[in-house]
2 protein chains.
Amino acid sequence: MKQGQVTLQDVANRAGVSIATASRVIGDGKVKAATREKVEQAIRDLGYFPNAAARTLRGEKSMTVGVVFNELNGSLATELLDSLASRLHADGYSLFVATAQGSEQQYDELVQRFAERRVDALLCVNAMGEGAALTHIRALGIPAAAVFGRRDGYRELPLIMPTIQAAAFACGERLKALGHETIGIVYQATSRPLTGFRYFMKEMGFSVNSYDLAETGSDAVAFINRYMLDPNRPTALIAHQKLAAELFDAADQMAIMIPQDISLIGIRDQTQNQTATRRPLSTIHLDPATLGLESASRLVRILKNGEDQGMLSETHIEMAKWVERDTTGSANK
Amino acid sequence: MKQGQVTLQDVANRAGVSIATASRVIGDGKVKAATREKVEQAIRDLGYFPNAAARTLRGEKSMTVGVVFNELNGSLATELLDSLASRLHADGYSLFVATAQGSEQQYDELVQRFAERRVDALLCVNAMGEGAALTHIRALGIPAAAVFGRRDGYRELPLIMPTIQAAAFACGERLKALGHETIGIVYQATSRPLTGFRYFMKEMGFSVNSYDLAETGSDAVAFINRYMLDPNRPTALIAHQKLAAELFDAADQMAIMIPQDISLIGIRDQTQNQTATRRPLSTIHLDPATLGLESASRLVRILKNGEDQGMLSETHIEMAKWVERDTTGSANK
DNA sequence: CTGAAAGCGCTTACAG
DNA sequence: CTGAAAGCGCTTACAG
């Protein structure tokens, strides 16, 4: 049936050596130069290439890392994936990628599948579900971590979390220099309420107002209207990218000038080439590539050098940059 | 060393049956109900789960599909990947994903790697490089295809190509109804020159002008300037998303009204949640999800039902929709 | 319906 | 430096 398969046995036969010797040539290789030559010739003649399944079965590493996503589209997941893939490729690993598409049941299933495939390591992005298969992962001693977030049965996984501390600090310093004292955080219940950012800003001595648009059922225009009536309104507003763009447009329509009247800062949380505003937004620029590279590096260190899995413990990785552009200016009090 | 591993042998022992019987329980399963019960109990007790490598080695399918990308970021690749992954997952396949990041050498290497892993099928997105490993793919009888494009050594692969014929036709019909007779295609040498679109438009009886901005070294503003001076200028302009947005802005700055003065159409070729214009662009909306679903379905049919690999021959798959929004209107002659 | 046995392709002690 | 042999975990004819 599998006629196409050239095996190491075939190579050994043609080279007139034992299969053990042939194996050594393609492996670590304590072989006499002349022998090596013969074997390599045979490999070329026959077009031999190894069978990964056989190696894995022998108890070698599968040279495989599994990544389970919750959602792949629109989010920053792609950038994570890209950096993860290239970093791991550089060390000889291949990447299993799966997306649960928001379904907990699928998420669990995919983790199970990766356990069956004996991945050498497992990364669970925004993990959620029962996590029953984690028992298998643990039994196999497979290093595993959650990335971005984890819920339910996956809570026991160490979490690799992005932090924006440094960027928030840089942003705060700049706002201070511009005379801002009060900051408004605008969000919709669906998006994350930027608790990290709020915390850092408070630490820096700003007074911080929070506005949940979903709660009051208002859109950007309604919000800006109401906001402008408040004599004690913050002089700077911060929101996720998309909402920030809407706020910009709303202000524009009402002839409110940015940054003269309001300073506006976006948080880049979606893959997008350019912001949807006419003037480029000052931005806290989330860059998951850092996260991917760093996570991958840790995995590789554990996998290759047998370093302690403690490397994968609860971590925060800085992954944002403060990018000042055209929408921040002196506080208008 | 591999203490964590519970094998089928362990299960068989505990259930008091032979390993063959245990195998039948987790497989096709001609087993007496009582026996099955015992084995299943043992599986639960021991927390057994199968080892994919062993199955693959036995000559089973690896239940694995490889996808090699040239670039993952910013392009529509993610959407392709997402639909591919979910469709294949539904049929029990796992997905190997790799990105060559524009390097031909890496591309070749990745294909080789997937051959070693005995993927059941291979998809090469924008394939390029020597393609030496294709010999192995062929020797193994692995169905393979290029997607979007292929170059160099990969030219022999069947190509699954997106087409925008239906969308272009719908767009053309609408433009005709609005009284347009001449259309301008604007592009920069770096982007693809929209030859397909041009062809369809000519077929429909439009006269078509092409403008290569890179060639004349002009930006959007310069182009609009020059274009407005032409008495025989096209009444409608079409360009890739990003350039279309620039044209919109340029017109806006010069107080040229869209769509009153010019009709403008974008081609959505980048993942983006919203177009970067103040009024939503009428758009030829490229949707790679269709392509992913369709490609995956074909693969599955070949893989599961043993259908002829001819299914994977040179194909065009419609993957665009005409979405009329605010930037197309009556021809201003 | 069940079991004993062969074998998938490889690597690695163990001898020589 | 090289070879014979065991064994990784599984499935599938082949007998019973």
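In this text the structure is predicted, and so the values were computed from the model without any measurement. Here is how names work: the chains are called A, B, and so on, in the same order as the sequence lines, proteins then strands, and each is numbered from 1. Values below: all heavy atoms of this structure, side chains included; hydrogens, waters and symmetry mates excluded.
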Q: Return the minimal non-hydrogen interatomic distance between A:Val65 and A:Tyr93, and the atom names on each side.
A: CG2-CD2, 4.0 Å
Q: Among residues 9-16 of chain A, which contact DNA chain D at a heavy-atom distance under 4.0 Å?
A: none
Q: Which heavy atom of B:Leu140 sits nearest to which heavy atom of B:Ala115, and what is that distance?
A: CD2-O, 4.0 Å
Q: Check A:Arg36 against A:Val31 and note the closest heavy-atom contact, atom names and distance.
A: N-CG1, 3.9 Å
Q: Output the single nucleotide from D:dC1, D:dG9, D:dC10 whose closest atom is nearest the side chain of B:Tyr48.
A: D:dC10
Q: Taking only Lys NZ, Arg NE, NH1 and NH2, and the carboxylate oxygens of Asp or Glu, determine whether B:Glu294 and B:Arg87 approach each other closer than 4.0 Å.
A: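 Salt bridge flag = no for B:Arg87 with B:Glu294.
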Q: Below 4.0 angstrom, N of the basic side chain to O of the carboxylate: do B:Glu104 and B:Arg151 qualify?
A: yes
Q: Whole Å only: how far is the CZ atom of B:Arg117 from the P atom of C:dG9?
A: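 Answer to the nearest Å: 18 Å.
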Q: Which residue lies toward the 5' end of DNA chain C, B:Val17 or B:Ala54, if each is placed at its nearest nucleotide?
A: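 Nearer the 5' end of the strand: B:Val17.
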Q: Can you tell whether the side chains of B:Arg44 and B:Glu37 come within less than 4.0 Å, N to carboxylate O?
A: yes
Q: To the nearest 0.5 Å, tell me how far B:Thr315 OG1 sits from B:Met161 CE.
A: 10.5 Å
Q: Starting from C1' on D:dC10, measure out to CD on A:Glu116 and report it in whole angstrom.
A: 13 Å
Q: Walk me through whether B:Gln5 and A:Arg118 qualify under side chain to side chain donor-acceptor pair (under 3.5 Å).
A: CA-CA 10 Å; B:Gln5 295 257 26; A:Arg118 302 300 192 264; 2.7 Å; yes
Q: Round to a whole Å and report the spacing from CG of A:Leu57 to P of C:dC10.
A: 12 Å
Q: Please report the shortest heavy-atom distance between B:Asp108 and B:Met128, naming the atom on each side.
A: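 Scanning both residues, the minimum pair turns out to be OD1-O, 4.4 Å.
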Q: Nearest to the side chain of A:Asn51, which nucleotide is it out of C:dG9, D:dC10, C:dT2?
A: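 In terms of side-chain proximity for A:Asn51, the closest of C:dG9, D:dC10, C:dT2 is C:dG9.
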Q: Would you call the rings of B:Tyr107 and B:Tyr154 parallel, tilted or perpendicular, where under 30° means parallel and over 60° means perpendicular?
A: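 Ring orientation, 0 to 90° scale: perpendicular.
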Q: Whole-Å distance between C:dC1 C1' and B:Lys38 NZ?
A: 12 Å
Q: Closer than 4.0 Å, any side-chain N/O of B:Thr35 to the OP1 or OP2 of C:dT2?
A: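 So the side-chain polar atoms of B:Thr35 do come within 4.0 Å of the phosphate oxygens OP1 or OP2 of C:dT2, strictly under.
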Q: Whole-Å distance between C:dC10 C1' and B:Arg118 CZ?
A: 11 Å
Q: Taking only N/O atoms, report every protein-nucleotides 12-16 of chain D pair under 3.5 Å with atom names and distance.
A:
unit_1 : atom_1 : unit_2  : atom_2 : d
D:dT12 : OP1    : B:Glu60 : OE1    : 3.4
D:dA13 : N6     : B:Arg24 : NH2    : 3.0

Q: Write down the distance between CZ (A:Arg36) and C1' (D:dT2), rounded to a whole number of angstrom.
A: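 Answer to the nearest Å: 14 Å.
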Q: Contact class for B:Lys30 (heavy atom, under 4.0 Å): base, sugar-phosphate, or nothing?
A: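 Base, at least one base heavy atom under 4.0 Å.
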Q: Roughly how many Å apart are C:dT12 and C:dG16, using the C1' atom of each and rounding to a whole number?
A: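 So the two C1' atoms sit 16 Å from each other.
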Q: Give the rounded distance in Å between these two atoms: CD1 of A:Ile43 and C1' of C:dG9.
A: 14 Å
Q: Could you check B:Asn70 against B:Phe148 for side chain to side chain contact (heavy atoms under 4.5 Å, CB included), going step by step and ending with a plain yes or no?
A: CA-CA 11 Å; B:Asn70 210 327; B:Phe148 279 128; over 6 Å; no
Q: For atom CD of B:Glu130, is the number of surrounding heavy atoms from other residues, nucleotides or ligands below 6.0 Å larger than 12?
A: no
Q: From CD of B:Gln5 over to C1' of D:dC10, roughly how many Å is that when rounded to an integer?
A: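 The answer, rounded to whole Å, is 12 Å.
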Q: In terms of side-chain heavy atoms of B:Leu8, which of C:dC10, D:dC10, C:dC1 is nearest?
A: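 Ranking C:dC10, D:dC10, C:dC1 by closest atom to the B:Leu8 side chain puts D:dC10 first.
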Q: So that I can compare with my own list, what are the stems of DNA chain C, taken as at least three consecutive Watson-Crick or G-U pairs with distances under 3.5 Å?
A: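 The stems are C:1-3 with D:14-16, C:5-12 with D:5-12, C:14-16 with D:1-3.
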Q: Output yes when at least one side-chain N/O atom of B:Ser18 is less than 4.0 Å from OP1 or OP2 of C:dG3, else no.
A: yes
